Amino acid sequence: MKCFAYVLFIFFLGVSTSVEAQRSAQRKGDVAFEAQSYSRAQKFYLRAVKRGSEDAAVLERLADAFYFTGDYKNAAKWYESLTSKHESVDPTYFYRYALSLKSTEQYAKSDEVMMQFKERASATDKRAALFDSDKEYLARIEALSGKYEVRLAMFSSNSSEFAPSFYRNEVVYASNGEENKIVKSNHTWNNQPLFDLFTAKITDKGKLKSIRFKGDINTRYHESTTVFTKDFNTLYFTRNNFTDGWYKQDGSGINRLKLYKATRIKNNRWEITELPFNSDAYSIGHPALSPDEKTLYFASDMPGGEGMSDLYKVSIEGDTYGDPVNLGKDINTEARDTFPFISKDHKLYFASDGRPGLGGLDIFVVNISEENTEVTNLGAPVNSPKDDFTFIINSETNEGYFASNRENGAGDDDIYKVIRVKE
């Protein structure tokens, strides 16, 4: 009898220890997730699952932690676990599950999950309406395909590069190549080095020259998406919330993105100012300029938007800026709408995972100089099952660039050159 009681004591002690271990791993995962440290959150949530947790909150955040870092294969695995083990699941997880399946080219299964999403979604959810009205989206995208030729840009490497912009006869882009960094540090979002700005150009002898962007723009924090004025004396760019030596966070301890303006003083010296409509509470980034340079476009997750991130615009009058204006439901969705670019012929190119596409972020275009024009997918080969984003093009030469993490690239995110061969 004593022996039996001892065995029961050891059993319940083991169960109690296991449950506490699960809870401890989940708490640590929650802290990391809420700080957008998704690579760390993955480790803690996986530990909780390994120790027996099937909690819906754990599976939701574990899947999201992979989704937000572009690991769609693992995201699909954990969204499947979530939706198969729990009945009351928010429709958004079915939507992300469907997109993750697309990114692994499981289109038939993705459509099945999208139907489950549609059955659960609100009647006003634009994502469901778009899917319902365009069930033949693969055939539609195929009809839109073949308008561009795509090849890997010469300055792509085994590091991550994205966010190209035109600068004189060069291309400015963001890279996290550690061999070029003065201060080496990793971002907890995906445990990769932070980004700096670089310049690439082809020399007179045809050789590639890629160097850090000259001047005092780069810091020990992220610098990424850029746009230059026509005279190249003003630069708008995205940086972590780091102004005048102060690194600021919101109430949850998250360092948000902000937009900055750099004005050339002389040669490679710049005067940097923070734009007045930034906030410590949410992110504003990824600038684009209208052809007349009187309107600045950007992406933000500020309150009152349509989804995870929306596209906005503000008017520019000298050093004065208007209030942010949301581009509205015709463009923004309940998902991610981001990375705008305005071409000289007044077309807005942007990346979104809120519309029928090939998987991950797809690139879309709409003519903003005309009313009631349709947002269209650029089709393959610009779009792929993976993330495709930061598209730019010179509408006069029909040449441009974009970034993608598609298979068979040089590294993580790579920059591709694009040539438009037909309208």
Side-chain angles (χ1 to χ4, degrees), residues 70-73 98-108 110-111 130 134 136-166 171 173-175 200 202 208 225 288 335-343 345 347-367 374-423:
D71 186 345
Y72 296 116
K73 182 178 180 180
L99 260 62
S100 299
L101 289 168
K102 277 186 186 179
S103 292
T104 55
E105 300 183 66
Q106 299 179 67
Y107 292 110
S110 174
D111 286 352
L130 285 169
D134 198 7
E136 302 300 321
Y137 68 92
L138 287 176
R140 179 176 170 80
I141 291 173
E142 184 176 356
L144 293 167
S145 298
K147 297 181 179 181
Y148 298 86
E149 292 178 356
V150 170
R151 67 172 184 267
L152 191 65
M154 292 177 64
F155 48 90
S156 288
S157 72
N158 58 6
S159 299
S160 181
E161 294 92 14
F162 79 110
S165 66
F166 296 117
V171 175
Y173 63 99
S175 174
I202 305 297
L208 180 73
T225 42
R336 294 180 293 182
D337 301 287
T338 185
F339 298 121
F341 170 78
I342 311 293
S343 61
D345 56 352
K347 291 179 180 177
L348 165 64
Y349 296 85
F350 64 101
S352 176
D353 61 3
R355 297 173 175 275
L358 296 179
L361 290 168
D362 271 26
I363 299 168
F364 296 84
V365 61
V366 60
N367 191 329
E374 183 182 4
V375 175
T376 58
N377 190 297
L378 287 197
V382 172
N383 288 320
S384 73
K386 303 298 182 181
D387 286 326
D388 307 292
F389 54 105
T390 59
F391 182 95
I392 63 172
I393 193 164
N394 184 324
S395 55
E396 296 173 345
T397 65
N398 287 320
E399 295 185 357
Y401 299 88
F402 70 98
S404 176
N405 64 350
R406 63 188 59 189
E407 303 291 341
N408 302 317
D412 187 359
D413 297 324
D414 293 304
I415 294 178
Y416 291 79
K417 183 168 184 178
V418 61
I419 301 173
R420 182 162 53 204
V421 294
K422 63 180 180 178
E423 292 293 336

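All values derive from a computational prediction rather than experimental measurement. Residues take their numbers from the sequence shown, with the count starting at 1.
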Practice task
Could you tell me the separation between the CD atom of Glu149 and the CZ atom of Arg151, rounded to the nearest 0.5 Å?
Solution key: 8.5 Å
Exercise for the section: Determine whether Tyr416 and Phe402 make a side-chain contact, defined as any pair of heavy atoms from C-beta on separated by less than 4.5 Å. Expected result: yes
Exercise for the section: Check step by step if side-chain contact (heavy atoms from CB on, under 4.5 Å) holds for Val365 and Leu378. Expected result: CA-CA 7 Å; Val365 61; Leu378 287 197; 3.5 Å; yes
Problem - Nearest-0.5 Å distance that lies between atom CD in Glu399 and atom OH in Tyr148 - result: 13.0 Å
Problem - Under 3.5 Å donor-acceptor, Tyr137 side chain and Leu358 backbone - result: no
Problem - Backbone N/O of Ile342 and side chain of Lys347: donor-acceptor pair under 3.5 Å - result: no
Practice task
Check for a donor-acceptor pair, side chain of Ser156 on one end and backbone N or O of Ile415 on the other, with a separation under 3.5 Å.
Solution key: yes
Exercise for the section: Return yes if some donor-acceptor pair links the side-chain N/O of Asp353 with the main-chain N/O of Arg336 below 3.5 Å, else return no. Expected result: yes
Problem - Taking every non-hydrogen atom, the tightest pair across Gly70 and Asn405 - result: O-ND2, 4.3 Å
Fill in the blank from the handout: Asp412 and Ser160 have their tightest heavy-atom pair at CB-CB, 4.0 Å
Handout entry: Residue pair Pro356 / Arg140, side-chain heavy-atom distance below 4.5 Å
Key = no
Could you pull out all donor-acceptor pairs under 3.5 Å where a side-chain atom in residues 379-394 meets a protein atom, sequence neighbours excluded?
unit_1 : atom_1 : unit_2 : atom_2 : d
Asn383 : OD1    : Ile363 : N      : 2.7
Asn383 : ND2    : Ile363 : O      : 3.1
Asn383 : ND2    : Asn377 : OD1    : 2.7
Ser384 : OG     : Lys386 : N      : 3.2
Ser384 : OG     : Asp388 : OD1    : 3.1
Ser384 : OG     : Asp388 : OD2    : 3.1
Lys386 : NZ     : Ser103 : O      : 3.3
Asp387 : OD1    : Tyr72  : OH     : 2.7
Asp387 : OD1    : Leu361 : N      : 2.8
Asp387 : OD2    : Tyr72  : OH     : 3.0
Asp388 : OD1    : Ser404 : OG     : 2.7
Asp388 : OD1    : Arg406 : NH2    : 2.8
Asp388 : OD2    : Ser384 : N      : 2.7
Thr390 : OG1    : Ala163 : N      : 3.3
Asn394 : OD1    : Glu396 : N      : 2.8
Asn394 : OD1    : Thr397 : N      : 3.3

Practice task
Could you tell me whether a side-chain N or O of Ser110 sits under 3.5 Å from a main-chain N or O of Gln106, the two making a donor and an acceptor?
Solution key: no
Exercise for the section: Compute the ring centroids of Phe155 and Tyr173, then answer whether they are less than 6.0 Å apart. Expected result: yes
Exercise for the section: For the residue pair Tyr349 and Phe341, categorise the inter-ring angle as parallel (less than 30°), tilted (30 to 60°) or perpendicular (more than 60°). Expected result: tilted
Handout entry: Heavy atoms of other groups near Glu142 CD, more than 12 under 6.0 Å
Key = no
Exercise for the section: Go through the steps to decide whether Thr376 and Glu374 satisfy the test side chain to side chain donor-acceptor pair (under 3.5 Å), and finish with yes or no. Expected result: CA-CA 6 Å; Thr376 58; Glu374 183 182 4; over 6 Å; no
Handout entry: Student check: side-chain heavy atoms of Ser165 and Thr225 closer than 4.5 Å
Key = no
Practice task
Identify the two heavy atoms, one from Gly357 and one from Ile141, that lie closest to each other, and give their separation to 0.1 Å.
Solution key: CA-CD1, 3.7 Å
